[in-house]
Amino acid sequence: MSLSKKVTVRSLKLGKSKGEKFAMITSYDATFARLSEEAGIECLLVGDSLGNVVQGQDSTLPVTIEDMCYHTSCVAKGVNRALIVADMPFMSYSSPELAFDNAAALMQSGAHMVKMEGGAWVAGTIALLTERGIPVCAHMGLLPQSVNKIGGYRLHGKTKTEAKKMLAETKLLEEAGADLMLLEMVPAQLAGQITQKLKVPVIGIGAGNQTDAQVLVCYDLLGVSGYIPRFANNFLHSNNGSIQEALAAYATAVKNGSFPDEAHTPG
Ligand code: KIV
């Protein structure tokens, strides 16, 4: 895809129909948002990972809707064309009514779409928001907001039963109105199957390179996070220590399918 025009839900879907890949990166402030857009990255995710990498928390659970609105408004000030997706933080969508008010606050802060973690149980909320003009990115596979329930960060969808359930639930969320699907820590083959089955673009993180797009936490790809997952490549290291070149190299590698390679695909 190209960033010569405003990136929209429609242009991303059109890109999928033409087999064009796109890149997404997390962004929490105006300067990195601007650099990411200048590097050709189509989508910026104001991730609740800001709890870990900006606030120094040990999970995303303490992040509030006020934190998310603040960072979304900072990111929105840095860009003109990139599509901004803002995370709904922990417990901000535990009921459809709560989700509606919080999603509206994120959209009024500058988001073009909101993201929420969960399977079948979020389908009704996705329908409610999308019918009222709020696009939603569904997030399945590893759900960091459920870390206390699942007991750690690991690959999801490894068994036949888990894989079948994930295939069915991703389809259900698409039918409910989800405009994008994000898969975190899912076996590459399953992520590929889901990508083929869904009409909406599928974004992967730790899910191999058969998806329509990739996302990485910005600080992971620059190699500066305290903990760097195995699926993240240090693009700063291989690009002369230049942040601008690292971001551009990430965008290019995602679009030409060279990232993630085997070494950055969990198995
Ligand atoms: O919050 C975040 O950064 C995310 C990514 C890990 C996908 O949700």
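Throughout, numbering of the chain's residues begins at 1 and tracks the sequence. All ligand and atom numbering here is 1-based and tracks the order in the structure.
For Lys197, the NZ atom is densely surrounded, since the number of other residues' heavy atoms within 6.0 Å is greater than 12.
A search for ring pair (Phe, Tyr, Trp, His ring centres under 6.0 Å) contacts involving Tyr250 returns Phe235, not counting sequence neighbours. Shown here are the ring pair (Phe, Tyr, Trp, His ring centres under 6.0 Å) partners of Tyr219, two or more places apart in sequence or in another chain: Tyr28.
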Next item on the list: Give the C-alpha distance, both sets of side-chain angles, the deciding distance and a yes or no for salt bridge (charged side-chain N to carboxylate O under 4.0 Å, His left out) between Lys199 and Glu175.
Entry: CA-CA 10 Å; Lys199 290 190 190 74; Glu175 281 162 8; over 6 Å; no
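Contacts classified as ring pair (Phe, Tyr, Trp, His ring centres under 6.0 Å) and involving residues 35-85 (residues at least two apart or in different chains) are not found.
Side chain of Gln55 to main chain of Leu50: no donor-acceptor pair is present (N/O by atom type, distance under 3.5 Å, no hydrogens or angles).
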Put together the list of close N/O pairs, under 3.5 Å, between ligand 1 and the protein, could you?
from, atom 1, to, atom 2, distance (Å)
ligand 1, 1 (O), Asp48, N, 3.1
ligand 1, 1 (O), Asp48, OD1, 3.0
ligand 1, 1 (O), Ser49, N, 3.0
ligand 1, 1 (O), Ser49, OG, 3.3
ligand 1, 1 (O), Asp87, OD2, 3.0
ligand 1, 3 (O), Ser49, OG, 2.6
ligand 1, 8 (O), Lys115, NZ, 2.9

